[in-house]
Amino acid sequence: MTGRTAIAACLLAAACLTGCDGGGKPAAVDGDPQRGRLALTQYACRACHEIPGVTGSDVQVGPSLAGLAKKRIIARSLPNTPANLAHWIRDPRAVDPATAMPVLGVTEADARDMVAYLMTLD
Ligand code: HEC
């Protein structure tokens with residue numbers, strides 16, 4: 001897999017997350033799960049994923065996101081950390097060029113909010 005780029009990007013994201021902790025940076029740092037739930041609807045993630053608490057079709061193109069917080073590995077090869085999850089949501093093709101999950105143009109703030117919500121799914 002193309003892990004190097006992914007890992008580099010994730011380290012950067014992680015550095016920002018830690019660096020911003022308690023540092024008075026904008027609210028986007030710690031995602032807001034309620035906004036995240038809305039964003040999951042707005043970006044139509046439900047078109048492909050079953051997501052508890054988010055309404056939508058029952059079509060399952062991608063894996064169910066139920067119990068995501070308990071998974072060790074996501075997308076077959078990524079350790080499940082908030083930074084990796086956000087990176088995957090924003091640019092799955094950078095992690096795995098062959099993945100069927102499209103790049104949906106998710107903003108950084110929206111990705112953090114989604115992660116905050118998805119991390120409640122245990
Ligand atoms: C067109 C269908 C499609 C859409 C829309 C889509 N995904 Fe995916 N998603 C997939 C597929 C297919 C996979 C499996 C990827 C793989 O393993 O290569 C996946 C994997 C994932 C995973 C990893 C799950 C796991 O257990 O490994 C997460 C998290 C995820 N998607 C979140 C999202 C979010 C958040 C959105 C909305 C911004 C979204 N997806 C939109 C198809 C989609």
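Given the structure is predicted, the values throughout are model-derived calculations rather than measurements. Order of appearance sets the numbers: ligands from 1, and atoms from 1 within every ligand.
Of all protein heavy atoms, the one lying nearest to atom 16 (C) of ligand 1 is R76 NH1, 3.0 Å. Distance from atom 26 (O) of ligand 1 to its nearest protein heavy atom, with residue and atom name: K71 NZ, 2.6 Å. Scanning all protein heavy atoms for the shortest distance to atom 28 (C) of ligand 1 gives W88 NE1, 3.5 Å. Scanning the protein for heavy atoms near atom 15 (C) of ligand 1, the closest one is T99 OG1, 3.2 Å. At the top of the distance list for atom 27 (O) of ligand 1, counting protein heavy atoms only, stands A75 N, 2.6 Å.
Inclusion of Y43 in the set of residues having an N or O under 3.5 Å from an N or O of ligand 1 is not warranted.
For the atom pair T120 OG1 and Q34 CD, the distance stands at 8.5 Å (nearest 0.5 Å). Of the inter-residue distances, the one linking C45 atom SG with L118 atom CG reads 8.0 Å to the nearest 0.5 angstrom.
Closest non-hydrogen pair, M119 versus N80, comes out as CE-OD1, 3.4 Å. When all heavy atoms of G31 and D113 are compared, the closest pair comes out as CA-OD1, 3.3 Å. Minimum interatomic distance between S64 and E50 (heavy atoms only, all atoms of both residues): OG-OE1, 3.2 Å. Residues V54 and R37 share a closest heavy-atom pair of CG2-CG, 3.7 Å. When all heavy atoms of P102 and P92 are compared, the closest pair comes out as O-CG, 3.5 Å. Closest of all the heavy-atom pairs between R90 and V106 is NE-O, 2.9 Å.
Applying the side-chain hydrogen bond (donor to acceptor under 3.5 Å, both in side chains) test to R76 and every residue at least two apart in sequence or in another chain returns D96.
Contacts with ligand 1 closer than 4.0 Å are made by side-chain heavy atoms of P102 only, the backbone lying farther away.
Each of the following atoms of ligand 1 lies closer than 4.0 Å to a heavy atom of I74: 27 (O). Contact atoms of ligand 1 toward A100: 12 (C) (distance under 4.0 Å to a heavy atom of the residue).
You'll find the side chain of T99 reaches within 4.5 Å of the side chain of W88, heavy atoms only. Side-chain contact between I51 and L68 is absent, with no heavy-atom pair separated by less than 4.5 Å.
Across L104, N80, L40, L85, heavy-atom proximity to atom 29 (C) of ligand 1 is greatest for L85.
At a cut-off of 2.8 Å, measuring from atom 8 (Fe) of ligand 1, the protein N, O or S atoms that fall short of it are H49 NE2, M101 SD, waters left aside.
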